[in-house]
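First the structure, in the form of structure tokens, and then the observations on it.
Computation of the quantities below employed the complete heavy-atom set of this structure, encompassing side-chain atoms and omitting hydrogens, waters and symmetry-equivalent molecules. Chain A is the first sequence line, chain B the second, and so forth, proteins listed ahead of strands; every chain is numbered from 1.
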There are 2 protein chains.
Amino acid sequence: MPDTAIDPDFGFTSDELDPEKCPVRQVLAQVGGKWTVLILELLQHGPRRFNALGRAIPDISKRMLTQTLRDLERDGLVSREVFPTKPPSVQYALTPLGVDLMKAMGGLLDWAWTNFDKVKTARDVYDATP
Amino acid sequence: MPDTAIDPDFGFTSDELDPEKCPVRQVLAQVGGKWTVLILELLQHGPRRFNALGRAIPDISKRMLTQTLRDLERDGLVSREVFPTKPPSVQYALTPLGVDLMKAMGGLLDWAWTNFDKVKTARDVYDATP
DNA sequence: CGGAATCCCACGGGATACTG
DNA sequence: CAGTATCCCGTGGGATTCCG
């Protein structure tokens, strides 16, 4: 009895995958950005200034650093505080919501560090057999 | 003593953010795909056939369904089994590695469901004050 | 120092048609 | 049924220049 009981289809009411209604897709669209998680990780070490973040990420442009920070600020994940010093300084920090997000991401980040070599191996195997 | 002790810079040796060396960035690049997590979530309910997945995700094209499944298979997250029936049927399933990834993603997915309304609110507030 | 404005391109992904 | 093959376009993101 090989091929029985497959494909009873799902019971999904297509409410959890609705393009703009699904929180997961919305959050992933943000988090999936090229620099988003990197910046959030850096800010976990404490508040940092614009150019400090820039120096910590050598291959990011000011354009993308600004834009990513703006998006994070807009989503309430990062706060922005301006100090009116001689040359103005701006400090960014995680909000409580941002801290919470990073805690929630812990599992995924750990998985990435401990399992990515398996993924790499799988890729090599797959690529070696066409 | 307002503005002291900011910006002592990071001690990062730029090893955790190296474009291609950082597992996090690699994994996120994959997971950040438009359909990746959606498909993985569906496969958590058990093995499914190609068109069953397609029907469960109304707004995906066969092109992207194929491509996403291929990428997941290549990374060792999803297995592909062909049954040589009259019209051939192909079954996809999570591998142990894929199951493990989804467990690791649990925290993030939960966060998305329970906190996205806060993000939406933050966006509305931000957008309403230019 | 911390941006905003502009230009530009690669590529992720949609639509459509054909196939074993 | 389960794909492959083309064509095509929007936009994420890089490089550069200018500003308070």
Side-chain angles (χ1 to χ4, degrees), chain A residues 2-3 6-9 17 19-20 25-26 28-39 42-43 47-75 78-93 130, chain B residues 3 6-9 17 19-20 25-26 28-39 42-43 47-74 78-93 130:
Chain A
D3 64 318
I6 47 176
D7 193 11
D9 241 306
L17 40 76
E20 312 304 313
R25 292 179 68 166
Q26 293 286 318
L28 256 59
Q30 256 292 23
V31 159
K34 187 169 181 179
W35 308 106
T36 309
V37 172
L38 212 43
I39 291 177
L42 291 175
L43 288 180
R48 290 296 190 271
R49 292 175 51 182
F50 184 86
N51 279 336
L53 292 169
R55 267 176 272 118
I57 314 176
D59 55 337
I60 194 175
S61 63
K62 285 198 285 190
R63 182 188 182 298
M64 285 315 295
L65 182 53
T66 301
Q67 181 177 305
T68 307
L69 286 169
R70 283 290 176 281
D71 290 343
L72 290 172
E73 187 193 358
R74 188 172 101 102
D75 284 359
V78 160
S79 64
R80 176 177 183 269
E81 193 174 4
V82 182
F83 298 97
T85 52
K86 9 289 186 67
S89 70
V90 180
Q91 192 179 48
Y92 293 91
Chain B
D3 64 319
I6 46 176
D7 194 11
D9 242 306
L17 40 76
E20 311 304 315
R25 292 179 67 167
Q26 295 286 318
L28 256 60
Q30 256 293 25
V31 160
K34 188 169 180 179
W35 309 106
T36 308
V37 173
L38 213 44
I39 291 177
L42 291 175
L43 288 180
R48 289 297 189 272
R49 293 174 51 182
F50 184 86
N51 279 337
L53 292 169
R55 267 176 272 118
I57 314 175
D59 56 336
I60 195 176
S61 62
K62 287 197 282 188
R63 181 188 182 298
M64 286 315 295
L65 182 54
T66 300
Q67 182 177 303
T68 306
L69 286 169
R70 284 290 177 281
D71 290 343
L72 289 172
E73 187 193 359
R74 187 172 102 103
V78 161
S79 64
R80 177 178 183 269
E81 192 174 4
V82 182
F83 298 97
T85 52
K86 4 304 184 59
S89 70
V90 180
Q91 192 180 47
Y92 293 91

Measure NZ/A/Lys86 against C1'/C/dC1 and give the value in whole Å, please.
13 Å

Does any part of the side chain of B/Ile39, heavy atoms only, come nearer than 4.5 Å to the side chain of B/Leu65, both counted from C-beta?
yes

Contact between A/Leu42 and A/Arg48 at the side-chain level, heavy atoms closer than 4.5 Å - yes or no?
no

Please pick, from C/dG20, D/dG3, C/dG14, the nucleotide with the shortest atom-to-atom distance to any side-chain atom of B/Lys34.
C/dG14

Within this structure, what is the OG1-CG distance for the pair B/Thr68 and B/Leu38, rounded to the nearest 0.5 Å?
9.5 Å

Under 4.0 Å from OP1 or OP2 of D/dA2: is there any side-chain N or O of B/Arg49 that close?
yes

Whole angstrom value for the distance that separates C1' of D/dG3 from CZ of B/Phe83:
17 Å

CD1/B/Ile60 to OG1/B/Thr66 distance, rounded to the nearest 0.5 angstrom?
8.5 Å

For DNA chain D, find the residues of residues 61-70 of chain B with a heavy-atom distance under 4.0 Å and give them by number; none if there aren't any.
B/Lys62, B/Arg63, B/Thr66, B/Arg70

Between P on D/dT4 and CG on B/Asn51, what's the gap in Å once rounded to a whole number?
13 Å

Could you state the CD1-P distance from B/Ile39 to C/dG13, rounded to the nearest angstrom?
11 Å

Atom CD of B/Gln91 and atom C1' of D/dG3 are separated, to the nearest Å, by 17 Å

CG-NZ distance between A/Leu69 and A/Lys62, expressed to the nearest 0.5 angstrom
13.5 Å

Starting at CZ of B/Arg55, measure out to CZ of B/Arg49 and round the result to the nearest 0.5 Å.
8.0 Å

Rounding to 10 degrees, work out the angle separating the end axes of the helix from C/dC1-D/dG20 to C/dG20-D/dC1 (five pairs an end).
50°

First encountered from the 5' end of DNA chain D, between A/Pro88 and B/Phe50
B/Phe50

For atom CD1 of A/Ile60 and atom P of D/dA15, their distance in whole Å:
11 Å

Give, for atom CD of B/Glu73 and atom CZ of B/Arg70, the distance between the pair rounded to the nearest 0.5 Å.
6.0 Å

List for me each residue that meets side chain to side chain contact (heavy atoms under 4.5 Å, CB included) alongside A/Ala93, sequence neighbours excluded, and say none if there are none.
A/Pro47, A/Ser79

If the cut-off is 4.0 Å, is B/Tyr92 near the phosphate of D/dC1, judged by side-chain N/O to OP1 or OP2?
no

Atom-pair distance (CZ on B/Arg80; C1' on D/dC1), nearest Å
12 Å

To the nearest angstrom, the CG-P distance between A/Leu28 and C/dG13 comes to 12 Å

Between atom CG of B/Asp71 and atom OG1 of B/Thr36, what is the distance when rounded to the nearest 0.5 Å?
7.5 Å

